[in-house]
Amino acid sequence: MGKSLVILGSQWGDEGKGKIVDLLTPDYDYVVRYQGGSNAGHTVIVGDKKYALHLIPSGILREGKKNLITNGVVIALEELIAEMDKVKDVAGDFEGRLYISDRAHIVFPYHKLLDGLSEKSKGEAKVGTTLKGIGPAYMAKYARTGIRIADLFDPPYFRNRLESAINEAKNIAEKIYGAEFNLSVDKVYSDTMRMFEKIAPLVTDTSLMLDTALRKGERVLFEGAQGTMLDIDMGTYPYVTSSNASALGLCNGTGVSPKLIGQAEVFGVSKAYVTRVGAGPFPTELNDGTGQKLRDEGHEYGTTTGRPRRCGWLDLVALRFAARINGMDGLIITKLDVLDHFDEIKVAVAYEYEGKLIKDFPASLKILEKCKPVYKTLKGWDKSTSGLKDKDQLPDQVWDFIKTIEEETSVPVVMLSTGPERSEYIWLK
Ligand code: IMP
């Protein structure tokens, strides 16, 4: 009987968690998505097929695994259903394979509309959201005007709440943003009920299900979305997502006690460099040829939005912070092979702020803006690591790179990913 495991992003998302979760899934009974929504984009390549998953846990691509979307996730039903269609060739019948929390909140079309209007109104100061309605859906949840999956089992109650929510959204759209609002209660209601029919048999109390599974010693793989530095509480606020994308979101996102969750191991996933989509501080960002080379070699364009990602050197100040707040037991470094193309590799070990050295990631954006990375320069490696599967074949310079990461974060590097395929990885444990 092994431990459960949490896999989460240690940076600003897009660390390659999808592939890692997919390849570790065979050792687990359950795969769980517990926060965020269809803003996430997890790419898994199986044979010659590429699956871009946004809501459904990637365990759906492995036979016999139970996949849970728990209460912390906000669900756009049209996207969930479209995704179910995309994976049905491998998933087959979803009953017994996919479970959806009755406490999860729904993302409605008016949330998407408000996301766009809010971003537009911010002008230069926009967050650069994925426009998937995530912020407005979580706003409704915390304002207690949200609608949960459980509500759909009681159509008159649902319709009542929908009417109020749509009235409110219409007021905001028209009066605050001066925009048109054409969504009718009838249409949203009937679309939702039609879609709900398809998923109703999959709806359950996932908190209870997980509690029972964990107490029985079954193994659960928790799949984080986005990344620690986008966490609503601990990230680079306000340039963050609207959920707890760090391990801090596990208890509220699953409805499972911290005592049970605390028994799981936590592995953070980090690219061998850093990327970020959307706006916000990024101390090691490279706006030069080196940044462009990272983007080209790493194919750094968003899975959900197609936007070019901002690129820069590995930031060990941010990673040290992520290691601490997540209580990381191990680090998984992805896209190592992208660094094959560089003669010199830099990693930030501290920031310089007004002549002082900072080693702890600051909360204030004003301070962050002025932080200059203090780099340690390492030699690039003289041979390709692309697709390597054997740790004995790793060049010495890669070991120096790993040693630097371990020394600076005090977390062992347990795995390297050397290419997009399921098979392209090396366990170092
Ligand atoms: P939202 O989550 O769509 O509200 O976007 C808020 C911020 O999080 C923006 O900077 C997005 O680019 C970023 N973000 C949201 N989801 C992801 C993701 O899965 N990967 C990377 N960045 C993301």
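Whatever order the structure lists ligands and atoms in, that order sets their numbers, starting from 1. Here the structure is a predicted model, which means the values were calculated and not measured.
Contact of the Phe361 side chain with the Leu368 side chain is registered, since non-hydrogen atoms from C-beta on lie closer than 4.5 Å.
Between Tyr189 and Phe158, the distance from one ring center to the other falls under 6.0 angstrom. Tyr99 has its ring centre no less than 6.0 Å from the ring centre of Tyr30. Aromatic ring centres of Tyr239 and Trp12 lie farther apart than the 6.0 Å criterion allows. Side-chain rings of Tyr351 and Tyr353 stay apart, their centers remaining 6.0 Å or farther from each other.
Protein heavy atom at the shortest distance from atom 21 (C) of ligand 1 is Asp14 OD2, 3.2 Å. Looking from atom 10 (O) of ligand 1 to the surrounding protein, the closest heavy atom is Val277 O, 3.2 Å. Considering only non-hydrogen protein atoms, atom 17 (C) of ligand 1 sits nearest to Gln226 CG, 3.5 Å. Among all protein heavy atoms, the one lying closest to atom 2 (O) of ligand 1 is Thr241 OG1, 2.6 Å. In terms of protein heavy-atom proximity, atom 3 (O) of ligand 1 is nearest to Thr130 OG1, 2.6 Å.
The heavy atom nearest to atom 19 (O) of ligand 1, considering only Val127, Thr129, Asn39, is found in Asn39.
Residue Arg276 places no N or O, backbone or side chain, under 3.5 Å from any N or O of ligand 1.
For ligand 1, the atoms closer than 4.0 angstrom to any heavy atom of Trp12 are 21 (C), 22 (N). Heavy-atom proximity to Gly128, at under 4.0 Å, picks out these atoms of ligand 1: 9 (C), 10 (O), 11 (C), 12 (O). Of all atoms in ligand 1, numbered sequentially from 1 with element shown, those under 4.0 Å from a heavy atom of Leu230 are 8 (O), 13 (C), 14 (N), 22 (N), 23 (C).
The side-chain contact (heavy atoms from CB on, under 4.5 Å) with Asn326 is formed by just one residue from the set Leu250, Val411, Thr228; it is Thr228.
Inspection of the Lys389 and Thr418 side chains reveals no N or O donor paired with an N or O acceptor under 3.5 Å.
Ligand 1 is never approached by Lys132 to a heavy-atom distance shorter than 4.0 Å. Look at Ala225 and you'll find every heavy atom at least 4.0 Å from all atoms of ligand 1.
When heavy-atom distances to ligand 1 are checked against a 4.0 Å cut-off, Arg307 comes that close only through its side chain, counted from C-beta outward. Contact annotation for Val240 and ligand 1: only backbone heavy atoms (N, CA, C, O) come within less than 4.0 Å of the ligand.
The existence of a salt bridge linking Glu174 and Lys170 is confirmed by a sub-4.0 Å separation between a basic side-chain nitrogen and an acidic carboxylate oxygen.
Geometrically, Arg310 does not engage Phe282 in a cation-pi contact, judged by NZ or CZ lying under 6.0 Å from the ring centre and within 45° of the ring axis.
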